Amino acid sequence: MSRLNPAVPAEEYLADSTVLFYLSDAVTQLLEHREEYTQFGVTRFFSEYFSSVKNSNHVLFREFNYIRATPHNRASFIRVFWRCYRQIGKSGDLLSMLEFRSLLQLLCPDFPVETVQSAFRIVLMDDAIDCLLSFSDFLYAFQLQFYYQEFLDSVLVIYQDLLAGKSPNTVIVPTSTSIEQLPSVAAEENDKEENQQDGVEPSTLAECIDALCDRFKHSHPSRSCMREILEQTDKVSYYSFLMSLSKDESINQTVGALPSKAELLIDPEMDQELDKLIAQISVSPSSNSSGSAVGGLKEVQRKASPRRNIHHRRRMEVESDGSTEETDSSEN
(Lines give C-alpha, C1' and ligand atoms only; values in the text may rest on other atoms or scores of the structure.)
Protein backbone atom coordinates (compact mmCIF):
# COMPACT_ATOMS: atom_id res chain seq x y z
CA MET A 1 0.00 0.00 0.00
CA SER A 2 1.39 3.41 -0.98
CA ARG A 3 2.52 5.65 1.82
CA LEU A 4 0.75 8.55 0.04
CA ASN A 5 -2.56 6.69 0.03
CA PRO A 6 -4.98 8.75 2.13
CA ALA A 7 -6.55 5.48 3.27
CA VAL A 8 -3.44 4.77 5.37
CA PRO A 9 -3.82 6.42 8.81
CA ALA A 10 -0.93 8.63 9.86
CA GLU A 11 -0.38 6.58 13.00
CA GLU A 12 -0.08 3.37 10.98
CA TYR A 13 2.38 4.91 8.55
CA LEU A 14 4.57 6.26 11.36
CA ALA A 15 4.49 2.90 13.13
CA ASP A 16 5.53 0.98 10.00
CA SER A 17 8.17 3.47 8.87
CA THR A 18 11.38 4.74 10.47
CA VAL A 19 10.48 8.42 10.27
CA LEU A 20 10.23 8.84 14.04
CA PHE A 21 13.60 7.13 14.53
CA TYR A 22 15.41 9.61 12.28
CA LEU A 23 13.47 12.57 13.64
CA SER A 24 14.43 11.58 17.19
CA ASP A 25 18.08 11.18 16.23
CA ALA A 26 18.11 14.54 14.43
CA VAL A 27 16.67 16.31 17.48
CA THR A 28 19.20 14.56 19.74
CA GLN A 29 22.12 15.69 17.59
CA LEU A 30 20.76 19.21 17.43
CA LEU A 31 20.42 19.44 21.21
CA GLU A 32 23.84 17.90 21.90
CA HIS A 33 25.59 20.26 19.46
CA ARG A 34 23.25 23.23 19.45
CA GLU A 35 26.06 25.77 19.87
CA GLU A 36 27.61 24.55 16.62
CA TYR A 37 24.48 23.97 14.56
CA THR A 38 22.25 26.85 15.59
CA GLN A 39 24.57 29.32 13.87
CA PHE A 40 23.52 27.78 10.55
CA GLY A 41 19.86 27.75 11.45
CA VAL A 42 17.62 24.93 12.61
CA THR A 43 15.88 24.64 9.24
CA ARG A 44 19.17 24.20 7.42
CA PHE A 45 20.31 21.62 9.97
CA PHE A 46 17.23 19.43 9.47
CA SER A 47 17.49 19.85 5.71
CA GLU A 48 21.11 18.67 5.70
CA TYR A 49 20.40 15.84 8.13
CA PHE A 50 17.58 14.32 6.11
CA SER A 51 19.46 14.91 2.85
CA SER A 52 22.33 12.87 4.26
CA VAL A 53 19.87 10.13 5.25
CA LYS A 54 18.38 10.12 1.77
CA ASN A 55 21.84 9.99 0.16
CA SER A 56 23.02 7.21 2.52
CA ASN A 57 25.91 9.28 3.88
CA HIS A 58 24.56 9.58 7.42
CA VAL A 59 26.16 6.44 8.92
CA LEU A 60 29.79 7.52 8.69
CA PHE A 61 31.51 7.48 12.11
CA ARG A 62 28.26 6.63 13.90
CA GLU A 63 27.99 4.05 16.69
CA PHE A 64 27.12 0.42 15.91
CA ASN A 65 23.66 0.57 17.47
CA TYR A 66 22.81 3.40 15.09
CA ILE A 67 24.10 1.84 11.86
CA ARG A 68 22.20 -1.39 12.52
CA ALA A 69 18.99 0.28 13.75
CA THR A 70 17.16 0.28 10.38
CA PRO A 71 17.44 -1.63 7.09
CA HIS A 72 18.29 1.65 5.35
CA ASN A 73 21.15 2.29 7.78
CA ARG A 74 22.53 -1.20 7.24
CA ALA A 75 22.40 -0.90 3.46
CA SER A 76 23.97 2.56 3.67
CA PHE A 77 26.85 1.29 5.79
CA ILE A 78 27.52 -1.59 3.39
CA ARG A 79 27.68 0.89 0.52
CA VAL A 80 29.98 3.27 2.41
CA PHE A 81 32.31 0.38 3.26
CA TRP A 82 32.47 -0.65 -0.40
CA ARG A 83 33.12 2.87 -1.68
CA CYS A 84 35.79 3.64 0.90
CA TYR A 85 37.84 0.49 0.35
CA ARG A 86 37.12 -0.45 -3.26
CA GLN A 87 40.79 0.13 -4.12
CA ILE A 88 41.73 -2.86 -1.96
CA GLY A 89 39.73 -5.05 -4.31
CA LYS A 90 41.34 -3.47 -7.35
CA SER A 91 44.81 -4.09 -5.93
CA GLY A 92 44.00 -7.76 -5.31
CA ASP A 93 45.15 -7.72 -1.69
CA LEU A 94 44.09 -10.53 0.65
CA LEU A 95 43.30 -9.48 4.21
CA SER A 96 42.83 -11.23 7.51
CA MET A 97 39.75 -11.12 9.70
CA LEU A 98 41.36 -8.59 12.06
CA GLU A 99 42.39 -6.38 9.16
CA PHE A 100 38.85 -6.26 7.83
CA ARG A 101 37.63 -5.46 11.31
CA SER A 102 40.12 -2.59 11.52
CA LEU A 103 38.76 -1.19 8.25
CA LEU A 104 35.23 -1.38 9.59
CA GLN A 105 36.22 0.31 12.83
CA LEU A 106 37.61 3.27 10.92
CA LEU A 107 34.02 3.87 9.82
CA CYS A 108 32.29 2.64 12.99
CA PRO A 109 34.60 2.73 16.05
CA ASP A 110 32.69 0.12 18.08
CA PHE A 111 32.00 -2.34 15.26
CA PRO A 112 32.01 -5.84 16.86
CA VAL A 113 34.39 -8.58 15.81
CA GLU A 114 31.65 -11.25 15.96
CA THR A 115 29.96 -9.97 12.80
CA VAL A 116 33.27 -10.07 10.93
CA GLN A 117 33.96 -13.61 12.16
CA SER A 118 30.54 -14.74 10.97
CA ALA A 119 31.18 -13.30 7.51
CA PHE A 120 34.49 -15.19 7.34
CA ARG A 121 32.76 -18.44 8.28
CA ILE A 122 30.26 -18.00 5.45
CA VAL A 123 33.11 -17.96 2.92
CA LEU A 124 35.27 -20.60 4.59
CA MET A 125 32.36 -22.73 5.85
CA ASP A 126 34.31 -23.71 8.98
CA ASP A 127 36.20 -22.12 11.86
CA ALA A 128 39.43 -21.45 9.95
CA ILE A 129 38.97 -17.72 10.34
CA ASP A 130 42.73 -17.10 10.41
CA CYS A 131 42.83 -17.46 6.60
CA LEU A 132 42.98 -14.50 4.23
CA LEU A 133 40.09 -13.37 2.04
CA SER A 134 39.77 -11.16 -1.01
CA PHE A 135 37.80 -7.95 -0.70
CA SER A 136 34.98 -9.12 -2.97
CA ASP A 137 34.54 -12.48 -1.23
CA PHE A 138 34.36 -10.80 2.14
CA LEU A 139 32.11 -7.98 0.97
CA TYR A 140 29.22 -10.12 -0.28
CA ALA A 141 29.39 -12.44 2.74
CA PHE A 142 29.48 -9.38 5.02
CA GLN A 143 26.46 -7.90 3.24
CA LEU A 144 24.41 -11.04 3.92
CA GLN A 145 25.54 -11.39 7.54
CA PHE A 146 25.15 -7.74 8.51
CA TYR A 147 21.87 -7.02 6.73
CA TYR A 148 20.07 -10.24 7.73
CA GLN A 149 21.79 -10.97 11.05
CA GLU A 150 18.67 -11.67 13.13
CA PHE A 151 17.22 -13.96 10.48
CA LEU A 152 20.47 -15.92 10.11
CA ASP A 153 20.67 -16.37 13.88
CA SER A 154 17.20 -17.90 13.81
CA VAL A 155 18.05 -20.18 10.88
CA LEU A 156 21.12 -21.41 12.77
CA VAL A 157 18.95 -22.47 15.71
CA ILE A 158 16.60 -24.28 13.33
CA TYR A 159 19.51 -26.03 11.63
CA GLN A 160 21.00 -27.16 14.95
CA ASP A 161 17.63 -28.51 16.07
CA LEU A 162 17.29 -30.49 12.84
CA LEU A 163 20.80 -31.90 13.24
CA ALA A 164 19.89 -32.96 16.76
CA GLY A 165 16.85 -34.81 15.42
CA LYS A 166 14.25 -32.56 16.96
CA SER A 167 10.83 -32.29 15.38
CA PRO A 168 10.51 -29.26 13.05
CA ASN A 169 7.27 -28.41 14.85
CA THR A 170 9.26 -27.56 17.98
CA VAL A 171 11.51 -25.08 16.20
CA ILE A 172 11.02 -21.56 17.55
CA VAL A 173 12.42 -18.12 16.86
CA PRO A 174 15.38 -17.71 19.25
CA THR A 175 15.21 -15.22 22.08
CA SER A 176 18.16 -13.04 23.05
CA THR A 177 19.02 -15.60 25.72
CA SER A 178 19.13 -18.50 23.27
CA ILE A 179 21.27 -16.50 20.85
CA GLU A 180 23.80 -15.84 23.59
CA GLN A 181 24.09 -19.60 24.04
CA LEU A 182 24.81 -20.26 20.36
CA PRO A 183 28.65 -20.44 20.55
CA SER A 184 28.70 -23.42 22.93
CA VAL A 185 25.90 -25.17 21.05
CA ALA A 186 27.61 -24.48 17.74
CA ALA A 187 30.84 -26.03 19.02
CA GLU A 188 29.03 -29.25 19.88
CA GLU A 189 27.27 -29.33 16.54
CA ASN A 190 30.52 -28.67 14.66
CA ASP A 191 31.91 -31.89 16.13
CA LYS A 192 28.74 -33.73 15.18
CA GLU A 193 28.81 -32.31 11.65
CA GLU A 194 32.33 -33.67 11.11
CA ASN A 195 30.76 -37.13 11.28
CA GLN A 196 27.66 -36.00 9.41
CA GLN A 197 29.01 -33.68 6.74
CA ASP A 198 25.99 -34.10 4.47
CA GLY A 199 23.95 -31.73 6.62
CA VAL A 200 20.15 -31.89 6.74
CA GLU A 201 17.32 -32.54 4.32
CA PRO A 202 16.80 -29.37 2.22
CA SER A 203 13.04 -29.90 1.98
CA THR A 204 12.69 -30.08 5.76
CA LEU A 205 14.86 -27.00 6.24
CA ALA A 206 12.83 -25.17 3.58
CA GLU A 207 9.57 -25.92 5.41
CA CYS A 208 10.99 -24.64 8.70
CA ILE A 209 12.37 -21.49 7.06
CA ASP A 210 9.04 -20.83 5.38
CA ALA A 211 7.28 -21.09 8.74
CA LEU A 212 9.90 -18.78 10.25
CA CYS A 213 9.25 -16.13 7.59
CA ASP A 214 5.54 -16.14 8.45
CA ARG A 215 6.22 -14.80 11.92
CA PHE A 216 9.55 -13.02 11.49
CA LYS A 217 9.49 -9.28 12.12
CA HIS A 218 12.93 -8.42 10.74
CA SER A 219 14.16 -8.44 7.15
CA HIS A 220 14.80 -11.76 5.47
CA PRO A 221 15.79 -12.92 1.95
CA SER A 222 12.98 -13.71 -0.44
CA ARG A 223 11.36 -17.08 0.03
CA SER A 224 11.67 -17.92 -3.64
CA CYS A 225 15.41 -17.28 -3.55
CA MET A 226 15.95 -19.53 -0.53
CA ARG A 227 13.65 -22.23 -1.88
CA GLU A 228 15.48 -22.27 -5.21
CA ILE A 229 18.85 -22.69 -3.50
CA LEU A 230 17.62 -25.51 -1.29
CA GLU A 231 16.09 -27.36 -4.26
CA GLN A 232 19.48 -27.65 -5.93
CA THR A 233 21.02 -30.13 -3.48
CA ASP A 234 20.22 -33.41 -1.74
CA LYS A 235 21.77 -32.36 1.56
CA VAL A 236 22.61 -28.92 2.86
CA SER A 237 24.74 -27.54 5.68
CA TYR A 238 24.18 -24.20 7.34
CA TYR A 239 27.25 -22.47 5.91
CA SER A 240 26.88 -23.91 2.41
CA PHE A 241 23.34 -22.50 2.40
CA LEU A 242 24.62 -19.07 3.47
CA MET A 243 27.43 -19.20 0.92
CA SER A 244 24.92 -19.76 -1.88
CA LEU A 245 22.74 -16.96 -0.55
CA SER A 246 25.66 -14.51 -0.44
CA LYS A 247 26.39 -15.18 -4.12
CA ASP A 248 22.79 -14.85 -5.26
CA GLU A 249 22.18 -11.70 -7.29
CA SER A 250 18.68 -11.31 -5.85
CA ILE A 251 20.25 -10.51 -2.47
CA ASN A 252 22.13 -7.63 -4.09
CA GLN A 253 18.98 -6.34 -5.69
CA THR A 254 16.99 -6.55 -2.47
CA VAL A 255 19.57 -4.81 -0.28
CA GLY A 256 20.35 -2.28 -3.02
CA ALA A 257 23.78 -1.34 -1.69
CA LEU A 258 26.26 -3.10 -3.98
CA PRO A 259 26.58 -3.60 -7.73
CA SER A 260 26.92 -7.02 -9.31
CA LYS A 261 30.23 -8.79 -8.81
CA ALA A 262 31.23 -8.01 -12.41
CA GLU A 263 30.84 -4.29 -11.73
CA LEU A 264 32.09 -4.25 -8.15
CA LEU A 265 35.39 -2.51 -8.91
CA ILE A 266 33.97 -0.09 -11.51
CA ASP A 267 33.15 3.35 -10.14
CA PRO A 268 34.05 6.26 -12.48
CA GLU A 269 32.94 8.90 -9.98
CA MET A 270 35.14 7.50 -7.25
CA ASP A 271 38.04 7.07 -9.70
CA GLN A 272 37.85 10.78 -10.51
CA GLU A 273 37.92 11.67 -6.81
CA LEU A 274 40.93 9.38 -6.32
CA ASP A 275 42.76 10.88 -9.31
CA LYS A 276 42.25 14.35 -7.81
CA LEU A 277 43.60 13.16 -4.48
CA ILE A 278 46.69 11.58 -6.07
CA ALA A 279 47.31 14.78 -8.03
CA GLN A 280 47.14 16.84 -4.84
CA ILE A 281 49.55 14.51 -3.07
CA SER A 282 52.00 14.49 -5.97
CA VAL A 283 52.31 18.31 -6.06
CA SER A 284 52.49 18.73 -2.30
CA PRO A 285 56.09 19.49 -1.14
CA SER A 286 55.49 17.73 2.17
CA SER A 287 54.26 14.46 0.64
CA ASN A 288 57.40 12.57 -0.32
CA SER A 289 55.91 9.16 0.36
CA SER A 290 52.60 7.39 0.63
CA GLY A 291 53.22 7.18 4.35
CA SER A 292 52.82 10.95 4.75
CA ALA A 293 49.47 10.78 2.97
CA VAL A 294 48.34 8.00 5.24
CA GLY A 295 49.43 9.92 8.29
CA GLY A 296 47.55 13.00 7.14
CA LEU A 297 44.37 11.03 6.56
CA LYS A 298 44.58 9.36 9.95
CA GLU A 299 44.82 12.80 11.51
CA VAL A 300 41.66 13.90 9.70
CA GLN A 301 39.80 10.76 10.77
CA ARG A 302 40.99 11.10 14.35
CA LYS A 303 39.58 14.62 14.55
CA ALA A 304 36.27 13.76 12.91
CA SER A 305 33.38 13.70 15.34
CA PRO A 306 30.94 10.77 15.15
CA ARG A 307 28.12 13.26 15.42
CA ARG A 308 29.36 15.65 12.72
CA ASN A 309 28.51 13.54 9.76
CA ILE A 310 26.09 15.77 7.89
CA HIS A 311 28.62 18.14 6.37
CA HIS A 312 29.11 17.09 2.76
CA ARG A 313 32.64 18.44 2.35
CA ARG A 314 34.20 16.54 5.25
CA ARG A 315 32.29 13.38 4.37
CA MET A 316 33.52 13.37 0.76
CA GLU A 317 37.10 13.92 1.91
CA VAL A 318 37.00 10.83 4.08
CA GLU A 319 35.17 8.68 1.54
CA SER A 320 37.68 9.62 -1.16
CA ASP A 321 40.75 9.19 1.00
CA GLY A 322 39.63 6.07 2.82
CA SER A 323 40.43 3.73 -0.05
CA THR A 324 44.01 5.04 -0.37
CA GLU A 325 44.78 4.79 3.31
CA GLU A 326 43.63 1.25 3.81
CA THR A 327 45.22 -0.06 0.63
CA ASP A 328 48.53 1.11 2.02
CA SER A 329 47.94 -0.01 5.58
CA SER A 330 46.82 -3.47 4.55
CA GLU A 331 50.32 -4.16 3.24
CA ASN A 332 51.92 -3.59 6.61
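All figures in this text were calculated on a predicted structure; none of them were measured in a lab.
When every heavy atom of P221 is checked against every heavy atom of M226, the shortest pair comes out as O-CE, 3.3 Å. Scanning all heavy atoms of the two residues, the minimum distance from D210 to R223 falls at OD1-NH1, 2.9 Å. Across every non-hydrogen atom of L163 and G199, the tightest pair is CD2-O, 4.2 Å. Heavy-atom minimum distance, Q143 versus A257: OE1-CB, 4.3 Å. Annotation for C131 and L124: closest pair CB-CD1, 4.1 Å, computed over non-hydrogen atoms. Of all heavy-atom pairs between V113 and M97, the closest is CG2-SD, 3.6 Å.
Distance check, rounded to the nearest 0.5 Å: CD1 of I78 to CZ of R83 gives 15.0 Å. Taking OG from S96 and CZ from F120, the interatomic distance works out to 6.5 Å, rounded to the nearest 0.5 Å. Of the inter-residue distances, the one linking L212 atom CG with F151 atom CZ reads 5.0 Å to the nearest 0.5 angstrom. Here I158 contributes atom CD1 and T204 contributes atom OG1; the two are 12.0 Å apart, rounded to the nearest 0.5 Å. For the atom pair CD1 of I209 and CZ of R227, the computed distance is 10.0 Å after rounding to the nearest 0.5 Å. Here the CG-SG distance, from D161 to C208, works out to 8.5 Å after rounding to the nearest 0.5 Å.
A ring-centre distance under 6.0 Å is not found for F135 and F142. Between F46 and Y22, the distance from one ring center to the other does not fall under 6.0 angstrom. Ring centroid separation for the pair F81 and F146 does not come in under the 6.0 Å cut-off.
Under a 4.0 Å N-O distance rule, the pair E48/R44 qualifies as a salt bridge.
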side-chain contact (heavy atoms from CB on, under 4.5 Å) evaluation trace for Y66 with F21: CA-CA 10 Å; Y66 179 82; F21 169 81; 3.7 Å; yes

Does the side-chain contact (heavy atoms from CB on, under 4.5 Å) test come out yes or no for D93 and E99, once each step is laid out? CA-CA 11 Å; D93 291 337; E99 287 173 322; over 6 Å; no

Intermediate values then yes/no, side-chain contact (heavy atoms from CB on, under 4.5 Å), Q29 and F45: CA-CA 10 Å; Q29 288 203 53; F45 165 78; 4.1 Å; yes

T233 vs F241, test: side-chain contact (heavy atoms from CB on, under 4.5 Å). Steps then yes/no. CA-CA 10 Å; T233 181; F241 174 56; over 6 Å; no

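Take R79 and apply the side-chain hydrogen bond (donor to acceptor under 3.5 Å, both in side chains) test, not counting sequence neighbours, and it matches no residue.
A donor-acceptor pair under 3.5 Å is formed between the side chain of Y85 and the backbone N or O of L103. S246 places a side-chain N or O within 3.5 Å of a backbone atom of M243 that can act as its donor or acceptor partner. In this structure, W82 contributes its side chain and L264 its backbone to a donor-acceptor pair below 3.5 Å. With S51 contributing its side chain and S47 its backbone, the two residues share a donor-acceptor pair below 3.5 Å. The main-chain N or O of V53 is found under 3.5 Å from a side-chain atom of H72 such that the two form a donor-acceptor pair. At distances below 3.5 Å, at least one donor-acceptor pair connects side-chain atoms of S154 with backbone N or O atoms of E150. Proximity of a side-chain donor or acceptor of R34 to a complementary backbone N or O of L31 within less than 3.5 Å is detected. Side-chain atoms of Y49 do not come within 3.5 Å of backbone N or O of L30 as any donor-acceptor pair. Y238 places a side-chain N or O within donor-acceptor distance of the main-chain N or O of L152, the cut-off being under 3.5 Å. Checked by atom type and distance alone, the side chain of T254 pairs as donor or acceptor with a backbone atom of S250 at under 3.5 Å.
Counting only heavy atoms from C-beta outward, the side chains of C225 and L245 approach each other to under 4.5 Å. Contact of the N73 side chain with the R68 side chain is not registered, since no non-hydrogen atoms from C-beta on lie closer than 4.5 Å. Side-chain contact between Y140 and I122 is absent, with no heavy atoms from C-beta onward closer than 4.5 Å. Between V200 and V236, some side-chain heavy-atom pair lies under the 4.5 Å cut-off.
Atom CD of E35 is surrounded by 12 or fewer heavy atoms from other residues, nucleotides or ligands within 6.0 Å.
Pairs engaging residues 103-113 under the salt bridge (charged side-chain N to carboxylate O under 4.0 Å, His left out) rule: none recorded [sequence neighbours left out]. For residues 241-259, there are no salt bridge (charged side-chain N to carboxylate O under 4.0 Å, His left out) pairs, not counting sequence neighbours.
Relative orientation of the F138 and F100 rings is parallel, given thresholds of 30° and 60° on the angle between their planes.
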